[in-house]
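All remarks here apply to the structure that follows.
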Amino acid sequence: MSRILKDVLILFVITLVAGFALGAVYNFTSTARSEQEKKTLNEAHSAVMPGVESTEKVKVDLKKENKLIANEVDKKEKELDYKPYNPFKAKINGVLLAKDKDGKELGYIITVIDEEAYNSFITLTVGVDMNGSVKGIAFLDIKETPGLGMKAQEEAFLKQYYGKDVKFFTYTKDSPEDDSQVDAISSATITTNAVTHGVDACLILADHLGGESHE
């Protein structure tokens with residue numbers, strides 16, 4: 001009986017030590033992950049909104065806004081007789097008001113998750129200035145096909161959205177006729193569709209917020 005008790009105690013001590021060790025490792029890696037995520041977000045903010053020095057969270061009823069945005073996209077696509085590869089499934093996930101070093105409002109930094117991508121979904125951060133123009137786009141999560149959909153991260157593609165006086169983008173497989181049309185990535189129409197809908201969602205939200213005071 002004493003041998004069994006001894007074995008049980010040894011097993012208990014080993015389990016206890018292992019538990020503490022795993023907990024310590026988890027806390028260490030959790031802190032490291034948190035710091036890395038924060039660094040990634042800060043880099044994304046700077047990339048999509050040049051000159052940003054500080055941000056503050058904008059209170060938005062996301063459920064209400066996402067419903068309004070989906071309705072506006074559907075209405076606009078019907079007006080244009082535009083039929084995208086996949087139906088609109090983008091959802092705004094968060095909104096920040098960006099300010100420069102003097103406290104001047106630069107625009108909105110908006111995060112959107114789009115479930116239309118080739119490999120499940122993509123997560124974008126989009127900077128929209130106070131004039132309603134896209135300043136920059138950064139990917140927080142993208143797992144598209146290398147050499148095809150992953151080209152969405154390239155500046156040659158993304159710059160088509162930047163600085164345009166456009167409230168709603170569409171994509172085309174032919175040559176774009178105006179600033180509102182984006183030249184689709186070759187053999188990656190699904191990814192192009194997802195990015196475009198994600199950007200459109202951000203533009204519509206920024207337009208809704210444009211008239212609000214943030215004093």
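What you are looking at is a predicted structure, and each value in this text was computed from that prediction instead of being measured.
- Atom CD1 of residue Ile185 and atom CG of residue Leu148 lie 9.0 Å apart, to the nearest 0.5 angstrom.
- Within the 4.5 Å cutoff, the side chain of Lys99 has heavy atoms near those of the Glu56 side chain.
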Quiz item: Can Tyr161 and Val166 be said to form a side chain to side chain contact (heavy atoms under 4.5 Å, CB included), step by step?
Solution: CA-CA 9 Å; Tyr161 299 95; Val166 173; over 6 Å; no
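- Among residue pairs with one or both ends in residues 52-79, none qualify as ring-ring contact (aromatic ring centres under 6.0 Å, His included); sequence neighbours excluded.
- Within a 6.0 Å radius of CG in Asp165, other residues, nucleotides and ligands contribute 12 heavy atoms or fewer.
- Not counting sequence neighbours, Lys64 has no partner by the side-chain hydrogen bond (donor to acceptor under 3.5 Å, both in side chains) test.
- No side-chain N or O of Glu115 forms a donor-acceptor pair with one of His197 less than 3.5 Å apart.
- With rounding to the nearest 0.5 Å, the separation of CG in Leu205 from CG in Asp200 is 12.5 Å.
- Residues Asn71 and Lys75 fail the side-chain proximity criterion, which asks for heavy atoms closer than 4.5 Å.
- Linking ILVMFWY side-chain heavy atoms closer than 4.5 Å, directly or via other members, places Val95 and Leu68 in two distinct hydrophobic clusters.
- Between the Asp129 side chain and the Asn131 main chain, a donor and an acceptor come within less than 3.5 Å of each other.
- A distance-only check finds no donor-acceptor pair linking the side chain of Asn193 to the backbone of Thr189 [under 3.5 Å].
- Note on Leu97 and Ile110: same hydrophobic cluster, where clusters join Ile, Leu, Val, Met, Phe, Trp and Tyr whose side-chain heavy atoms are under 4.5 Å apart, directly or indirectly.
- Every residue meeting the side chain to side chain contact (heavy atoms under 4.5 Å, CB included) condition with Lys101, not counting sequence neighbours, appears here in chain and number order: Glu53.
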Exercise. Start with the C-alpha gap between Val134 and Val199, add the side-chain angles, then the distance that decides, and say whether side chain to side chain contact (heavy atoms under 4.5 Å, CB included) holds.
Key: CA-CA 8 Å; Val134 176; Val199 172; 3.9 Å; yes
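- In terms of hydrophobic clustering, with Ile, Leu, Val, Met, Phe, Trp and Tyr side chains grouped at heavy-atom distances under 4.5 Å, Leu203 and Phe168 are assigned to a common cluster.
- A chain of hydrophobic side-chain contacts below 4.5 Å, direct or via other Ile, Leu, Val, Met, Phe, Trp or Tyr residues, connects Val60 to Ile204.
- With hydrogens and angles disregarded, a donor-acceptor distance shorter than 3.5 Å links the side chain of Tyr82 to the backbone of Tyr171.
- Note that CD of Glu79 and CD of Glu77 are 10.5 Å apart. Values are rounded to the nearest 0.5 Å.
- Side-chain contact, Ser133 with Tyr162: no donor N or O sits under 3.5 Å from an acceptor N or O.
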Please set out all donor-acceptor pairs under 3.5 angstrom arising from side-chain atoms of residues 151-160, sequence neighbours excluded.
| from | atom 1 | to | atom 2 | distance (Å) |
| --- | --- | --- | --- | --- |
| Gln160 | OE1 | Asp183 | N | 2.7 |
| Gln160 | NE2 | Phe157 | O | 3.2 |
| Gln160 | NE2 | Asp183 | O | 3.3 |

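- Applying the side chain to side chain contact (heavy atoms under 4.5 Å, CB included) rule to Thr123 yields the partners Thr111, Ile113, Phe121, Leu140, Asp141; only residues at least two apart in sequence or on another chain are considered.
- Annotation: side-chain hydrogen bond (donor to acceptor under 3.5 Å, both in side chains) contacts of Ser180 (sequence neighbours excluded): Asp178.
- The 12-atom threshold is not exceeded at NZ of Lys89, counting heavy atoms of other residues, nucleotides or ligands nearer than 6.0 Å.
- By the side-chain hydrogen bond (donor to acceptor under 3.5 Å, both in side chains) test, Asp74 pairs with Lys78, sequence neighbours left out.
- Taking Tyr118 as the reference, nothing meets the ring-ring contact (aromatic ring centres under 6.0 Å, His included) condition, with sequence neighbours excluded.
- Taking NZ from Lys67 and CG from Asp61, the interatomic distance works out to 11.0 Å, rounded to the nearest 0.5 Å.
- Taking the side chain to side chain contact (heavy atoms under 4.5 Å, CB included) definition, one finds that Thr172 meets it with Asp174, Pro176, Gln181, sequence neighbours left out.
- Closest heavy-atom contact between Gly132 and Lys167: CA-NZ, 3.7 Å.
- Of all the heavy atoms in Phe169 and Thr196, the pair that sits closest is O-CG2, 3.4 Å.
- Across all non-hydrogen atoms, the minimal contact from Val128 to Ala206 is CG1-CB, 3.6 Å.
- Glu116 is not listed as a side-chain neighbour of Tyr85, based on a closest heavy-atom distance of 4.5 Å or more.
- In this structure, Leu124 is a member of the same hydrophobic cluster as Met150, with clusters built from ILVMFWY side-chain heavy atoms closer than 4.5 Å.
- Here Ala201 pairs with Ile69, Phe88, Ala90, Ile92, Val112 under the side chain to side chain contact (heavy atoms under 4.5 Å, CB included) rule; sequence neighbours left out.
- Hydrophobic clustering, defined by side-chain heavy atoms of Ile, Leu, Val, Met, Phe, Trp and Tyr closer than 4.5 Å, groups Leu106 together with Val48, Met49, Val52, Leu96, Ile109.
- Residues satisfying the side-chain hydrogen bond (donor to acceptor under 3.5 Å, both in side chains) criterion with Thr191, sequence neighbours excluded, are Glu144.
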Self-check item: CA sep, side-chain torsions, deciding dist, call: Asp81, Lys83, salt bridge (Lys or Arg N to Asp or Glu O under 4.0 Å)
Solution: CA-CA 6 Å; Asp81 193 27; Lys83 296 178 176 58; 2.8 Å; yes
Quiz item: What do the steps show when you test His208 against Glu65 for side chain to side chain contact (heavy atoms under 4.5 Å, CB included), and what is the final call?
Solution: CA-CA 9 Å; His208 291 175; Glu65 280 297 334; 2.7 Å; yes
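- Tyr108 places a side-chain N or O within donor-acceptor distance of the main-chain N or O of Leu209, the cut-off being under 3.5 Å.
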